[in-house]
Amino acid sequence: KMLAQIGLIIIVIAWFIQLFFSLKGRKDITPGFIAAYLTGVGFLIASYVQGNSWNAMSYFELGTFIAALLVLINRLRK
């Protein structure tokens with residue numbers, strides 16, 4: 001449960017990072033946001049693994065992790 005809470009806190013921080021940059025006029029997705037978001041989702045996935053509680057939601061989290069990772073890779077290649 002603690003890992004899930006940490007993950008959600010990191011995701012909230014990631015959104016504030018993105019909000020900060022968008023208020024400064026930057027409209028693209030920042031690599032810092034994606035990295036923080038990936039970390040947060042990673043903690044959520046770790047909480048599923050630790051609790052041995054894989055369910056439909058955990059697979060959705062894994063899917064968002066993979067999608068965000070691909071976005072980050074694409075973003076860093078530019």
Task: 4.5 Å side-chain heavy-atom contact, I45 and S58 - done: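 Sidechains of S58 and I45: no contact.
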
As an exercise, state the distance from [atom1] of [X] to [atom2] of [Y], rounded to the nearest 0.5 Å.
X   : Y   : atom1 : atom2 : answer
Q18 : I29 : CD    : CD1   : 6.5 Å
Q5  : S47 : CD    : OG    : 10.0 Å
L62 : T64 : CG    : OG1   : 8.0 Å

Task: Candidate pair V12 and F16, rule side-chain contact (heavy atoms from CB on, under 4.5 Å), full reasoning - done: CA-CA 6 Å; V12 169; F16 278 111; 3.6 Å; yes

Quick one: closest heavy-atom pair of [X] and [Y], and the distance?
X   : Y   : answer
P31 : R26 : CD-NH2, 4.0 Å
A36 : A14 : CB-CB, 3.5 Å
W54 : V49 : CZ2-CG2, 3.5 Å

Task: Candidate pair L3 and L44, rule side-chain contact (heavy atoms from CB on, under 4.5 Å), full reasoning - done: CA-CA 6 Å; L3 288 177; L44 292 177; over 6 Å; no

TODO: Apply side-chain contact (heavy atoms from CB on, under 4.5 Å) to the pair F20 and K24, showing each step before the final yes or no.
DONE: CA-CA 7 Å; F20 172 77; K24 293 222 171 234; 3.3 Å; yes

Open item on the list: Going by the rule ring-ring contact (aromatic ring centres under 6.0 Å, His included), which residues pair with F33 if we only count those two or more places apart in sequence or in a different chain?
Closed with: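 ring-ring contact (aromatic ring centres under 6.0 Å, His included) check on F33 returns W15, Y37.
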
TODO: Examine distances only and state if a side-chain atom of Q50 and a backbone atom of K1 form a donor-acceptor pair shorter than 3.5 Å.
DONE: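 A pair under 3.5 Å: no.
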
